[in-house]
Each structure stands twice: as structure tokens, then as C-alpha cells.
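Not measured: the values here are computed from a predicted model.
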Amino acid sequence: MQILSEENTMVREMAAGFLSENAPVETARALRDDRSALGYDRTLLAETAAMGWYGMLLGEDVGGTDMGAQAAGLIAEEMGRRLTNAPFLSSGVMSASLLRHVGETTLAAEIASGTAVVTLATDETTKHAPDRIETTAAPSGNGFVLNGSKRFVNDAIDATRVIVPAQTDAGLGLFLVDPALEGVTTRAYRTVDNRNAADLTFDNVQLDGAAQIAVGPEAEAGFAAALRVGRAVASAELVGVSKEAAERTVAYLKERKQFGVTLSQFQALQHRAADLYTQIQTTEAITAAALAAIDEGREDAERLSRAAKAKASKTASLAVREAVQMHGGMGMTDALDIGLFMKKARAAIEHLGDAGCHAEWLLRDRGI
């Protein structure tokens, strides 16, 4: 269990109380059954933005609360516990962080207020590989012509803008693209955990000069910073999923009887539950370390964020598999919420890179 400051303790308690009352797991189930294309509740977005959640990584000059990545991680963890679908990670964390890094204030203020949803298009391939960018933005008059495609863009449906990394004559460029522009094709779908996502294709999309918000080293640094904080906060969400799945499973073992005794009395199950608890505590510790390193601007923030995402992905996979197995046949049915936690874990593990992706990077970084 991590030791929190008084301020962050208040953040966690506030988030837990609000989400328990306004967005419990039953809300996630209802959104799924409603089959809404958006996949999240606009009212919840507005209410949480009013509470300062979407401005946690933004300065007070744009209406943010500037509470940092650690506070954002606590919010994400509580969202993970309740399977909350919201554009918090895409808009309030990654896009907000990037816009602050490059000095864009107008759209950042709209993110903080909840009046705009901005998402970051990170990938062009079937697996997470943000450095493989073939999308191009060629000069055209006072603007640019955008060509290429992006895949698995979370919260792209009805987004105000999409931040699109593209290659330019001056190196990597970051562009604010309106999905409604002529030449933008959106193939929308829902992920396994009921989030909205889309593949975007850009066919000679005309952009004005103001669409470019950064280029060269500034763009590279801003993109890397957004990915870094995104990984760490996504890890915190996976910690929340793991904790809730484990706690529900332990509660079930204490209630369910077999051969006249509760399942919790079987030593084999005790050992499995104890191992899972240890894995979750270790994951929480490294995730907290990554978030702290980001807030402090430390050089090891990149490595820690990748280690956290790798560990959180493995732990969440273990937690939901153990939950399903220990619930027996009922765990495989839609009558229980355990299956929803498995789907959330599966989607969150893949988003921003799974354990294998980041383990490979860490090995290369060590020269192995």
C-alpha cells in the first residue's frame, strides 16, 4: 500500500466516493447494453471536469488544477475499479499533457472545462509502435496536405480534435485535425471493453498553418511526454482493475461452500490469492514510482513508465484469469461482473503497449 500525501488522500477518497455513487460497475454494464456509439456519459464528463479532473495536468492559467500525474493516477485507479469509460486518459491526461508541453492554451482550456475532447493518434500498425510514422504533412500554400492513416484511436468518435503526428520536411510534426474535415475517413467501432475507437484515413486533407502545433525536437519531446504519462496513468487504471477483481474473488471464496466448508479454507486457493495480492502490491509500488518520477521530471521516468506498464499488464492478466477460474462456471457467464473486468483488462493491456512491447524496449535500453 502506497503512502499518500494528505492532498492525494483527499483526491482518492473524493474519486472513490463520487464514482461509487455516480458511476458504479452497473453503469458500465448499462452503457454496454445501450450500445451507444460514444460509449461514455457526457454528463459524467461534464461533472468530473467541473471537479478539476481534466485539468490535473494543466496549469491554472488555462483553468487547470496542476495536481500532477500522481493525482491523475489515483483517479484512473478508481475508474479502473468501476470500469468507468470516459475520455480521461486520452483527453485529460495524454492530450492535455502534450498541449501544455507545446504551449497550446486555447484547446487546453477547453479540455480542462470539459467542453472539448481531444485525443492523440499514437499508432499506424496493428501493435503499439508509435515511432513507426508514415503519415505525411507536405507544405501547401500557407498550410499543409495530410496523407496517411492512424489505427485504434481511442475516443475519436465526436472528438473536437485529433492530434496527429506526421512526418514533415522539418522532422516530426504534430497537427490538430478536425475529424469532420473533407478527406478524413472514420471507421468507427467499439473495443471489447465498450470504448469508442476508430481507424482514421487522411486523403489529401487540407490543413491551415495554425493546425501545426509543434515540429522537430519540440514535437518529439511533447509526443514522448504524452506517451510516458499515458503509460503510467494507464498502469494505475490496471492496478484498479486488478484490485477490484481480486477483492471480489476473495469475497466470493469466503462465501461459497464446497464439501461443507468455504472455498477460502482450501490451502491451494489461499496460496493463489496470496500470490496475487503480492503481485498487485508490487505493481502498485512501481506504478507509484513512475508517476512520481514524471512529476519530478526525473531521467528515469521513461524506464519506470515502461516497467510499470509491463508489470501492470501482466498482473491484470493474472488477476482476471484467477478471478474467472476461482468463480468457476459462473465466472464465465454474463450474470457476474467478473467477465467485464476481464474485457477491460484485455483492452487496457493492449493500449499503449503490452508487457512484451515494453520488456523488449527495456532490454534494448540495457544493451541486451
Quick one: does N147's side chain get under 4.5 Å of N204's, heavy atoms only?
-> yes

Are any side-chain N or O atoms of T278 and backbone N or O atoms of A274, one a donor and one an acceptor, separated by less than 3.5 Å?
-> yes

Minimum-distance pair of heavy atoms, taken over all atoms of V241 and A345 | CG1-CB, 4.2 Å

Determine, for R42 against E47, whether the closest basic-nitrogen to carboxylate-oxygen distance falls under 4.0 angstrom.
-> no

Salt bridge check: are R306 and D300 linked by an N-O gap of less than 4.0 Å?
-> no

Tell me, do M326 and R272 make a side-chain contact under 4.5 Å, heavy atoms counted?
-> yes

Heavy-atom side-chain proximity of T262 to K254 below 4.5 angstrom = no

Can you tell me how far the OG1 atom of T249 sits from the CD atom of E247, to the nearest 0.5 Å?
-> 10.0 Å

Nearest 0.5 Å please: distance from the CH2 atom of W53 over to the CZ atom of F18.
-> 6.0 Å

Counting distance only, does the side-chain N/O of D295 pair as donor-acceptor with the main-chain N or O of Q70 below 3.5 Å?
-> yes

Donor-acceptor pair, side chain of T160 and main chain of A116, under 3.5 angstrom | no

Backbone of E110 reached by a side-chain donor or acceptor of T115 within 3.5 Å = yes

Taking atom types as modelled, is there a side-chain donor on S317 or R321 under 3.5 Å from an acceptor on the other?
-> yes

Residue pair M94 / L227, side-chain heavy-atom distance below 4.5 Å | yes

Flag side-chain contact, heavy atom, 4.5 Å: D208 against F144 | no

What is the distance from atom NE2 of H128 to atom CH2 of W361, rounded to the nearest 0.5 Å?
-> 11.5 Å

Is E244 paired with R248 through a side-chain N to carboxylate O contact shorter than 4.0 Å?
-> yes

So, are K150 and D199 salt-bridged, with charged N and O less than 4.0 Å apart?
-> no

N-O pairing of R195 and D193 below 4.0 Å | no

May I ask you to decide if T287's main-chain N or O and K311's side chain share a donor-acceptor pair within less than 3.5 Å?
-> no

So, T48 side chain and L45 main chain: donor-acceptor pair closer than 3.5 Å or not?
-> yes

If you take all heavy atoms of N85 and Y40, which pair is closest and at what distance?
-> O-CB, 3.1 Å

State the CD1-OG1 distance between I157 and T186, to the nearest 0.5 angstrom.
-> 6.0 Å

Please check if the side chain of Q167 supplies one atom and the backbone of I133 the other of a donor-acceptor pair under 3.5 Å.
-> yes

Would you find a donor on one side and an acceptor on the other, under 3.5 Å apart, between the side chain of H351 and the backbone of R231?
-> no

Straight-line distance of Q212 CD to L146 CG, nearest 0.5 Å = 11.0 Å

Does V11 reach the side chain of I75, with side-chain heavy atoms less than 4.5 Å apart?
-> yes

How about T315 and T283: does a side-chain donor come under 3.5 Å of a side-chain acceptor?
-> yes

Above 12 or not: heavy atoms from other molecules or residues under 6.0 Å from CZ of R366?
-> no

Decide if atom CZ of R256 counts as having more than 12 heavy atoms of other residues, nucleotides or ligands within a radius under 6.0 Å.
-> no

Do you know which of T122, D155, N154 makes side-chain hydrogen bond (donor to acceptor under 3.5 Å, both in side chains) with S90?
-> D155

Please examine the side chains of P165 and L172, heavy atoms only from C-beta on, and report whether any two atoms are closer than 4.5 Å.
-> yes

Would one find more than 12 heavy atoms of other residues, nucleotides or ligands at under 6.0 Å from atom CG of N142?
-> no

Evaluation steps, salt bridge (Lys or Arg N to Asp or Glu O under 4.0 Å), between D61 and R100 = CA-CA 11 Å; D61 59 319; R100 182 175 187 175; 6.0 Å; no

Could you tell me how the ring of Y252 sits relative to the ring of H327: parallel (under 30°), tilted (30 to 60°) or perpendicular (over 60°)?
-> parallel

Closest heavy-atom pair, V215 versus G171, reported as atoms and distance to 0.1 Å, is CG2-O, 4.3 Å

Between G148 and T135, what is the shortest heavy-atom contact and its length?
-> CA-OG1, 3.7 Å

Side chains of K343 and N194: do they bring a donor and an acceptor to under 3.5 Å?
-> no

Could you go step by step and tell me if D334 and R29 meet the salt bridge (Lys or Arg N to Asp or Glu O under 4.0 Å) rule?
-> CA-CA 10 Å; D334 196 50; R29 182 181 285 274; 3.0 Å; yes

Please answer whether the main-chain N or O of E78 pairs with a side-chain N or O of R82 as donor and acceptor at a distance below 3.5 Å.
-> yes

Residue pair V233 / A72: nearest heavy atoms and the distance that separates them = CG1-O, 4.1 Å

Thinking salt bridges, do R132 and D123 make one under a 4.0 Å N-O criterion?
-> no

Spell out, as yes or no, whether a donor-acceptor pair under 3.5 Å connects the side chain of T136 to the backbone of A138.
-> no

Please determine, by modelled atom types, if Q279 and K314 share a side-chain donor-acceptor pair under 3.5 angstrom.
-> no

Whether over 12 other heavy atoms sit under 6.0 Å from E134 CD | no

Given side chains that start at C-beta, do those of R228 and I294 come closer than 4.5 Å, heavy atoms only?
-> yes

About how many Å separate CZ of R161 and CG of L120, when rounded to the nearest 0.5 Å?
-> 15.5 Å

Under 4.5 Å between side-chain heavy atoms, hopping through other hydrophobics if needed: is there a path connecting L4 to M56?
-> yes

Heavy atoms only: give me the nearest S95-V118 pair and the separation to one decimal.
-> OG-O, 2.9 Å

